[in-house]
Amino acid sequence: MPGIGVAVTVDGVRHDDEVEACLPLTHYLHDRVSGGLPLGCEAAECGGCIVLVDGVAVKSCLMLAVQADGCEVTTVRGLADDDAVRCLARTFRRYVRRCAQCLPGLTVAAVDLLRDQEAVLSEQEIRARLAGVRCPCGDEADVVRAVREAADVLEALGTRTAG
Ligand code: FES
Ligand code: FES
């Protein structure tokens, strides 16, 4: 069966490909994009596949590659130079230093939250916004502490308003 043509920009690099209609975006990113992302549960449970699609955090296992046609997809690799990621890398290292399997998805979801200048980063809101990512070997309270501390640093740097 002939594939469907898609043009997807991943971490700033445009990819023109033919894909099967039912190919999940998570498989597309894993199989076709150089240095692709590891596969997770593929059942919308772990949150390890979270990427930004046109700036919105989505679980890529819930989206088809054809739906990303014409979109800008940002994975955790594409966020390496982001101030929020640098802060989170430090605070996750301090508070969530176990197997680290959750960190790609957790980092993208946390960046999405920290970029939301309207978000009031209460413990409740951080828990709610990161509820889609599972960290079975960690402690939710430590994840909240790490995100809150990263927010404090960004506020001190002036790249985020206090919230
Ligand atoms: S791979 Fe998408 S939520 Fe686990
Ligand atoms: S540190 Fe192991 S799943 Fe989060």
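None of the values given here were measured: they were computed from a predicted structure. Just follow the structure's listing: the first ligand is 1, and inside any ligand the first atom is 1. By convention here, the first residue in the shown sequence is residue 1.
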D152 and R148: CA distance, side-chain angles, deciding distance, salt bridge (charged side-chain N to carboxylate O under 4.0 Å, His left out) verdict: CA-CA 6 Å; D152 290 342; R148 188 56 252 182; 2.7 Å; yes
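Closest to atom 2 (Fe) of ligand 2 among all protein heavy atoms lies C137 SG, 2.2 Å.
Not one N or O on the side chain of E72 forms a donor-acceptor pair closer than 3.5 Å with the backbone of D54. Here the side chain of D116 pairs a donor or acceptor atom with the backbone of E118 at under 3.5 angstrom. K59 places no side-chain N or O within 3.5 Å of a backbone atom of V133 that could act as its donor or acceptor partner. Judged by distance alone, with hydrogens and angles left aside, the side-chain atoms of E149 form no donor-acceptor pair with the main-chain N or O of A146 at under 3.5 Å.
Residue C99 does not count as close to atom 4 (Fe) of ligand 2, with no N, O or S atom under 2.8 Å. Contact annotation: C102 places an N, O or S atom under 2.8 Å from atom 4 (Fe) of ligand 2.
For ligand 2 and R98, the ligand atoms under 4.0 Å from any heavy atom of the residue are 1 (S). The distance from ligand 2 to the heavy atoms of P136 drops below 4.0 Å at these ligand atoms: 3 (S).
Remark: distances from the non-hydrogen atoms of G138 to ligand 2 are all 4.0 Å or more.
With hydrophobic clusters built from ILVMFWY side chains whose heavy atoms lie under 4.5 angstrom apart, L39 does not share a cluster with I50.
Below the 2.8 Å limit, atom 4 (Fe) of ligand 1 has as protein N, O or S neighbours C41 SG, C46 SG.
Salt bridge status for R145 with D139: absent, with no side-chain N to carboxylate O gap under 4.0 Å. Between D82 and R115 there is a salt bridge, with a side-chain nitrogen of the basic residue lying less than 4.0 Å from a carboxylate oxygen of the acidic one.
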